[in-house]
Amino acid sequence: MTTTLITGANKGLGFETARRLVAAGHTVYVGSRDPERGRRAAAELGARALVIDVTDDASVAAAAKTVEADGGLDVLINNAGVEGRGEGNSIVGAADTTADTLRELFETNVFGVVRVTHAFLPLLRRSAAPVVVNVSSGLASLTAMSDPDSPAHFYPGIAYPASKTTVNMITVQYAKAFPDIRINAVEPGFTATDLNGNTGVQTVEQGAEIIVRMARVGQDGPTGGYFAAEGPLPW
Ligand code: NAP
């Protein structure tokens with residue numbers, strides 16, 4: 001039996017990933033910072049609700065305690081994330097980006113990933129087949145962002161791509177430190193969710209594909225990589 005925690009699973013890509021992993025036979029914790037939203041999503045999915053705010057040390061520690069008392073964890077999916085759009089769903093451009101813009105976004109997208117991973121590492125290291133999936137973005141790729149022919153190149157914001165590039169580096173370093181854990185970063189693709197005011201061009205079913213695949217990777221599978229549904233991506 002595989003036990004899986006997905007942060008930010010009360011909606012969007014996390015919710016769809018939870019649906020698919022429940023169908024694949026995983027025992028799934030639907031992580032949600034809001035107890036009521038999490039309870040409702042978990043009930044709909046036939047999963048377990050777990051309150052976890054990735055920006056809050058006490059909340060993450062309490063969540064890890066609960067999961068440990070229940071029997072442990074095999075798969076951690078660091079999915080919770082924010083893009084920090086401005087008024088009218090606009091992307092905050094370079095001229096309007098401040099240190100606070102980055103600080104706020106990094107608190108969830110970067111520090112949240114480390115806070116949660118650090119808290120759940122002791123549980124994962126006790127698993128016979130531990131897996132971590134870090135939900136990154138195509139906008140994390142320095143290669144794509146600096147290539148005028150790449151669709152990602154048009155993206156004007158600084159904070160969100162920088163936060164996801166950092167997630168990629170964190171992934172590489174954790175993967176080297178813990179060779180017994182499969183740890184990969186994934187790019188779901190531009191998907192219609194609340195994150196982007198539902199302007200994405202893919203469905204959540206399409207977007208969740210690579211998250212689900214990497215959550216189910218075997219111990220002979222890749223680690224320290226960066227993948228989209230179509231295959232590996234350039235850093
Ligand atoms: P979404 O529908 O807005 O879902 C984001 C989830 O993260 C929500 O459940 C949200 O909870 C949760 N969350 C935000 N802050 C949190 C916190 N402090 N603690 C716990 N949970 C928190 O967006 P999504 O598109 O599914 O995003 C999921 C992941 O995919 C993110 O990491 C995002 O960067 C990444 N991604 C998305 C796209 C895309 O095109 N959609 C592309 C590439 C990567 P609330 O409901 O409480 O706000």
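It should be emphasised that the depicted structure is a prediction, and the values quoted were computed from it without experimental measurement. Read the numbers this way: they start at 1 and go in the same order the structure lists the ligands and their atoms. Throughout, numbering of the chain's residues begins at 1 and tracks the sequence. Below, all heavy atoms of this structure are taken into account, side chains as well, without hydrogens, waters or symmetry copies.
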- Task: Mind checking whether Ser32 contacts ligand 1 via backbone (N, CA, C, O), side chain (CB onward), both or neither, at a 4.0 Å heavy-atom cut-off?
- Result: neither
- Message: Does only the side chain of Gln202 get under 4.0 Å from ligand 1, or the backbone, or both, or neither? Count heavy atoms.
- Response: neither
- For ligand 1, which atoms, with element, lie under 4.0 Å from some heavy atom of Arg37? 45 (P), 46 (O), 47 (O)
- Item | Ion pair Glu107/Arg103, N-O distance below 4.0 Å | no
- Query: Looking only at heavy atoms, is any part of Thr7 under 4.0 Å from ligand 1, and if so is it the side chain, the backbone, or both, or is it neither?
  - Reply: neither
- Note on the structure: Closest to atom 23 (O) of ligand 1 among protein heavy atoms sits Leu195 CB, 3.3 Å
- Task: Would you mind checking if Lys164 and Glu187 are paired as a salt bridge, meaning a charged N to carboxylate O distance below 4.0 Å?
- Result: no
- Task: Look at atom 12 (C) of ligand 1 and say which protein heavy atom is nearest, naming residue and atom and giving the distance to 0.1 Å.
- Result: Gly8 CA, 3.7 Å
- For atom 46 (O) of ligand 1, grab the closest protein heavy atom and report residue, atom and distance to one decimal in Å. Asn10 ND2, 2.9 Å
- Task: Would you mind listing which atoms of ligand 1 come within a distance below 4.0 Å of any non-hydrogen atom of Ile52?
- Result: 19 (N), 20 (C)
- Hey, is Thr108 touching ligand 1 through its side chain, its backbone, both or neither, going by heavy atoms under 4.0 Å? side chain
- Query: Identify the closest protein heavy atom to atom 13 (N) of ligand 1: which residue and atom is it, and at what distance?
  - Reply: Ala80 CB, 3.9 Å
- With a 4.0 Å cut-off on heavy atoms, is Ser59 touching ligand 1? no
- Message: Looking only at distances, can you tell me whether any N or O atom of Glu187, backbone or side chain, sits closer than 3.5 Å to an N or O atom of ligand 1?
- Response: no
- closest protein heavy atom to atom 43 (C) of ligand 1 is Pro188 CD, 3.5 Å
- Among all protein heavy atoms, pick out the one at the shortest distance from atom 34 (O) of ligand 1; state its residue, atom name and that distance to 0.1 Å. Tyr160 OH, 2.6 Å
- Message: Are any of the N/O atoms on Asp34, whether in the backbone or the side chain, positioned under 3.5 angstrom from an N/O atom of ligand 1?
- Response: no
- Message: Considering non-hydrogen atoms of the protein only, which is the closest contact for atom 25 (O) of ligand 1, and what is the distance?
- Response: Thr193 OG1, 2.6 Å
- Taking only non-hydrogen atoms of Thr55 and a 4.0 Å limit, the atoms of ligand 1 in range are 18 (N)
- Would you call Glu36 and Arg40 a salt bridge, taking side-chain N to carboxylate O under 4.0 Å as the test? yes
- Message: Any carboxylate oxygen within less than 4.0 angstrom of a Lys/Arg side-chain nitrogen, looking at Arg115 and Asp57?
- Response: yes
- Identify, for atom 18 (N) of ligand 1, the protein heavy atom at the shortest distance, and state residue, atom and that distance. Asp53 OD1, 3.0 Å
- Item | Atoms of ligand 1, numbered as shown, that sit under 4.0 Å from any heavy atom of Asn196 | 39 (C), 40 (O), 41 (N)
- Task: May I ask you to say whether Lys65 pairs ionically with Glu68, meaning some side-chain N is under 4.0 Å from a carboxylate O?
- Result: no
